[in-house]
Structures are given as C-alpha cells and as structure tokens.
There are 2 protein chains.
Amino acid sequence: MSEAAERHRRLYEALRERICLLDYPPGMRLSEATLAAEFGTSRTPLRRVLARLEDEGLVRSLHGVGTLVTDVDLEEMWQVYDLRMELAQLVGRLSPAAVTPELLAQLSGLVERGAALARRPEARAFARLNMEFFAFGLALTANEALRDLSERLYFRTARIWLKSIPNLVLADEVDIFRRELAETEAALRAGDLEAAALIRRAHISMSVARMRG
Amino acid sequence: MSEAAERHRRLYEALRERICLLDYPPGMRLSEATLAAEFGTSRTPLRRVLARLEDEGLVRSLHGVGTLVTDVDLEEMWQVYDLRMELAQLVGRLSPAAVTPELLAQLSGLVERGAALARRPEARAFARLNMEFFAFGLALTANEALRDLSERLYFRTARIWLKSIPNLVLADEVDIFRRELAETEAALRAGDLEAAALIRRAHISMSVARMRG
DNA sequence: ACAAAACAAGATGTGCACAACTGAAAGGCG
DNA sequence: CGCCTTTCAGTTGTGCACATCTTGTTTTGT
C-alpha cells in the first residue's frame with residue numbers, strides 16, 4: 001500500500017473512532033486546519049478523509065460554517081438497525097467462512113476480556129470491546145460486499161448505543177454481552193455458523209428494544 | 001442545495017453513468033485534467049468526485065499512472081449478486097411504501113417503453129430502461145439505508161450485465177424483462193409489495209444464471 | 001547489436017494563497 | 001433601549017504551481 005493510502009487509512013480510522021466513541025459528539029465543529037496540524041499534514045489529504053466521512057454520513061461540511069459531526073436521527077437509526085439485523089443473519093448464509101482454531105482462539109480472548117470488563121464495568125472499554133466483537137463477526141463470512149455494507153451500517157449506528165448507555169444499567173448490559181459471547185462460542189465450537197448469526201441477530205434485536213424502551 | 005453540491009452530483013452521476021454504460025470500459029485511463037476541462041471546472045472539484053467513485057470501487061487512482069476504471073472481478077460479482085438478491089427481497093419486508101396511483105402510472109410508463117424496446121431491441125436503451133426500473137424498485141421501500149445500499153450494489157454490478165449481453169440473445173432478454181414488468185405490475189395492482197420483491201429477486205437470480213451459463 | 005542508464009512526458013498527490021461564505025459581535029441610529 | 005447595518009474573524013471551496021511517481025523513449029557505453 002502506498003504511503004499516501006496508509007496515511008489516509010490512519011486518519012480515517014482515527015476520526016471514525018473519535019466520532020463513534022463520542023469524543024467528537026454530534027454537532028461538534030471540526031476544523032480542517034486544526035486537525036491537519038494535529039496529524040502533521042496539510043489540509044488537502046485531510047479533506048480527502050473528511051469527504052469520505054461525509055459520504056458515509058458521519059460528518060457534514062457546510063461552506064463558511066465548518067465540518068459538523070452529524071446528529072443521529074433516531075427514526076432513521078431504527079431503520080438502519082432493521083437492516084443490520086438482516087445483514088447479521090445473512091453472515092451465516094452467504095459464503096460462510098471456515099471455523100478455524102485461530103478464530104476460536106480470538107473469540108476466547110474476547111470472552112476473557114468480557115470477564116475483565118464485568119469485574120470493572122466501564123462504558124468506553126465496553127464500546128471498544130463491542131467494536132472488536134463486531135469485527136470478529138465480519139470474519140465469519142467470505143462475502144466481501146456483505147462485510148463492507150455491514151461495517152458501513154455498524155459505524156453509522158455505533159454512536160447511539162454509547163449515547164443510550166446512561167439510560168441503561170451498565171452492569172446488566174455487560175452481563176448480556178457476555179452471554180452473547182458465550183452463546184456465540186458454543187455455536188462456533190459446534191461449527192454452526194448460522195446459529196452464531198441468529199444469535200447475533202437476536203441480540204441486536206433485543207438491544208434495540210432495550211434502547212427504545 | 002448549494003451550487004457546489006449540485007455540481008458534485010452532476011459530475012458524479014455523469015461519470016457513474018459513463019462507467020456503467022461502458023462508455024468508459026474497464027481499464028480505461030481517465031485524465032483528471034481532460035475531464036476537468038470538459039466539465040468546465042478545475043481539477044479540485046473533479047478530484048472530489050473521483051475520490052467518491054474510488055471509495056465505491058468504480059475507479060482506482062494510481063500515483064503517476066492515472067485514474068483507471070476498475071475491472072469487474074467475476075467471482076466477487078457473483079457474491080455481490082447474492083447480496084443484491086437478499087436486499088431486493090428485503091424491499092418487500094422492511095418499511096414497505098404505499099402503492100400510490102403515481103407509482104402505478106410510472107410503472108405503466110416503463111411497460112410501454114418495454115414494448116417499444118421489443119419492437120426495436122437495442123442494448124444501450126435496454127440498459128437505461130433497466131436502470132430506471134431499478135430506481136422504480138427502490139421507491140417501494142421507505143428504508144433509506146436499504147435504498148442506499150441497494151443502489152451502491154446495483155451500480156457495482158451494472159457493468160457486467162451490459163458486458164454479458166453479446167453472449168445472450170438480446171430479444172430474449174427483452175422478452176424476459178417485459179414479463180418481469182408485467183408480473184410486477186400485477187403484484188402492485190394487488191397491493192402485494194412482498195410479491196413484487198420476490199419477483200425481483202427471482203429475476204435477478206435467473207439473470208445471474210443466464211450470465212454464468 | 002544490445003543492455004543499461006538517463007531522459008522526457010504525463011499522470012496523480014500536496015501545499016499554499018485566495019475566493020466565497022457564514023455567524024456573531026460591534027457600532028450607529030431612530 | 002431596540003433594531004438594523006456594518007465589520008470582522010474564521011471556515012470551507014477553488015485554482016494553481018510544484019512535488020512525486022510511473023512509463024516509454026532515447027541516448028550512451030561496451
């Protein structure tokens with residue numbers, strides 16, 4: 001990968017994470033000049049990154065105003081969740097990947113970190129772990145288009161989950177998440193990818209219900 | 001919409017159409033300077049458009065070489081078609097729209113143009129009609145994310161259909177397309193959006209089978 | 001004659017200066 | 001005091017010059 005592409009990916013993932021972890025809350029004004037200075041580039045490559053984030057709906061640039069972090073429209077987000085659920089289930093049906101020992105080992109690592117999180121619950125660490133579990137789920141399908149679309153939708157909705165945490169009981173959420181991890185591990189040990197996908201869908205559905213309630 | 005955004009959309013749609021109608025065949029080298037001159041802008045806004053096309057996988061920019069129209073990797077495309085079929089079916093289930101008289105009138109227009117196409121079959125006109133029918137299909141769901149994703153995938157695969165036409169019998173394809181239009185019209189007149197979605201999925205599936213065969 | 005090196009043309013990537021625009025604060029006036 | 005106007009600081013958008021890179025050609029040395 002070229003040096004320019006490398007930098008683009010680095011900036012893109014950094015900004016996306018800051019937005020999705022609410023370091024840059026909805027409505028916040030990002031300054032191209034400031035960000036460019038922070039990352040040690042000029043505005044030009046940075047603008048290339050912001051353009052991508054804008055195409056993906058995470059920011060919106062207004063001439064003369066600034067680049068604003070988009071707000072999450074709840075009604076639209078529930079629709080996105082509807083779609084995410086369907087895509088999650090498709091992971092089990094479209095080009096399912098082989099369940100390798102490496103994959104199981106990776107999942108065991110997540111389970112362990114889930115246990116650590118239960119001992120000392122913390123929203124931000126939870127959000128990160130959640131992201132990693134999502135990335136793990138993507139590895140279960142070889143359908144690249146499905147992975148791309150799922151990722152796109154995930155990062156589009158990731159913020160509202162973190163935003164809902166104050167209204168929920170963090171410890172309960174961690175417990176539920178750990179159960180999902182355990183269930184997923186059981187399904188994968190049995191080599192049943194479709195079951196794992198259904199579990200994922202079920203948990204997304206229940207998570208939405210708790211957030212809406 | 002701002003003037004800049006308007007121009008962006010205009011350039012984007014123009015280039016996307018040229019790529020998908022094979023005016024710009026895979027492998028063709030686009031010159032930023034030439035395109036900018038044609039559209040009467042400088043390279044800067046044009047590069048913003050090319051960046052978007054690159055993020056969507058339609059072109060690829062190589063430093064020192066040029067901006068190349070991507071080739072369609074068949075194995076990947078069949079995966080995309082798998083996904084398109086699922087999304088097409090979802091249109092009937094996720095936030096189905098109301099079947100309005102305007103919608104039916106629009107479909108009647110397409111049926112009429114299908115009849116005209118049958119009298120004088122022509123690949124390019126067929127491709128355009130196909131695109132419009134696709135756009136019509138999107139109007140059947142109110143789920144904006146589903147529309148976005150479907151559109152993305154459609155334009156990602158549109159080229160291989162046009163590329164396969166020489167291996168198929170154009171008149172037969174037109175007939176099949178007209179049958180799909182008629183079936184869709186029947187389903188919508190009955191107010192059965194899910195049936196219309198299933199018909200769409202079935203025809204995508206059969207179309208892929210003919211292209212692969 | 002051939003191979004390797006140097007050159008040239010042309011492409012995208014970058015940085016900078018300026019244009020266009022917005023929102024708020026300051027100032028003037030009834 | 002209230003309201004309109006003007007000014008101003010700050011932001012994104014644009015155009016241009018140049019850096020960097022690739023490829024094909026030309027030149028040169030053996």
Side-chain angles (χ1 to χ4, degrees), chain A residues 1-20 22-72, chain B residues 1-16 18-19 22-72:
Chain A
M1 186 181 281
S2 78
E3 191 178 343
E6 196 92 42
R7 174 178 57 185
H8 175 80
R9 195 171 55 89
R10 190 163 43 86
L11 295 191
Y12 168 73
E13 290 180 356
L15 292 183
R16 186 180 65 177
E17 176 166 311
R18 291 180 188 182
I19 292 171
C20 292
L22 299 185
D23 294 329
Y24 295 161
M28 178 172 177
R29 245 181 42 203
L30 308 180
S31 162
E32 295 181 353
T34 305
L35 284 176
E38 179 194 337
F39 288 104
T41 71
S42 77
R43 281 179 58 210
T44 308
L46 184 89
R47 279 175 61 76
R48 171 73 178 82
V49 174
L50 289 180
R52 180 171 171 192
L53 290 170
E54 182 167 17
D55 288 338
E56 294 177 357
L58 295 184
V59 303
R60 186 176 171 202
S61 287
L62 295 178
H63 192 181
V65 180
T67 301
L68 310 176
V69 176
T70 56
D71 204 349
V72 286
Chain B
M1 185 181 281
S2 78
E3 191 177 344
E6 197 92 41
R7 173 178 59 185
H8 175 79
R9 196 171 52 89
R10 190 163 42 86
L11 295 192
Y12 168 72
E13 290 179 357
L15 292 183
R16 188 181 64 178
R18 291 181 188 181
I19 292 171
L22 299 185
D23 295 328
Y24 295 161
M28 179 172 176
R29 249 182 37 205
L30 307 179
S31 161
E32 295 181 353
T34 306
L35 283 176
E38 178 194 338
F39 288 104
T41 72
S42 77
R43 282 178 56 209
T44 308
L46 184 89
R47 279 175 61 77
R48 171 72 178 82
V49 174
L50 289 179
R52 180 171 171 192
L53 290 170
E54 182 167 16
D55 288 338
E56 294 177 357
L58 295 185
V59 303
R60 185 174 173 205
S61 288
L62 295 179
H63 192 182
V65 180
T67 301
L68 310 176
V69 176
T70 56
D71 203 349
V72 286

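Protein chains get the first letters and strands the later ones, always in sequence-line order, with residue 1 at the start of each.
Taking a cutoff of 4.0 Å between a charged side-chain nitrogen and a carboxylate oxygen, A:Glu56 and A:Arg52 qualify as a salt bridge. Ionic pairing of B:Arg60 and B:Asp71 is not present here: no N-O contact between side-chain nitrogen and carboxylate oxygen is shorter than 4.0 angstrom.
With hydrogens and angles disregarded, no donor-acceptor distance shorter than 3.5 Å links the side chain of B:Ser61 to the backbone of B:Thr67.
Smallest separation of non-hydrogen atoms from B:Phe39 and B:Leu46: CD1-CD1, 4.5 Å. Minimum interatomic distance between A:Leu30 and A:Tyr24 (heavy atoms only, all atoms of both residues): CD2-CD1, 3.7 Å.
If you run side chain to side chain contact (heavy atoms under 4.5 Å, CB included) between B:Leu15 and each of B:Leu35, B:Leu58, B:Val59, only B:Leu35 comes through.
In this structure, B:Leu46 places its CG atom 14 Å from C1' of C:dG13, rounding to the nearest Å. When rounded to the nearest whole Å, the span between CZ of A:Arg60 and C1' of C:dT22 equals 14 Å. A straight line from CZ of A:Arg9 to C1' of C:dG13 spans 19 Å, rounded to a whole angstrom.
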Requested in this report: Classify every nucleotide of nucleotides 9-14 of chain D by which part a protein heavy atom approaches to under 4.0 Å, writing B for the base, S for the sugar-phosphate alone and - for neither, in 5'-to-3' order.
Outcome: -BBBBB
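Of the two residues contacting DNA chain C, namely A:Gly40 and B:Glu3, the nearest-nucleotide position lying further toward the 5' end is that of A:Gly40.
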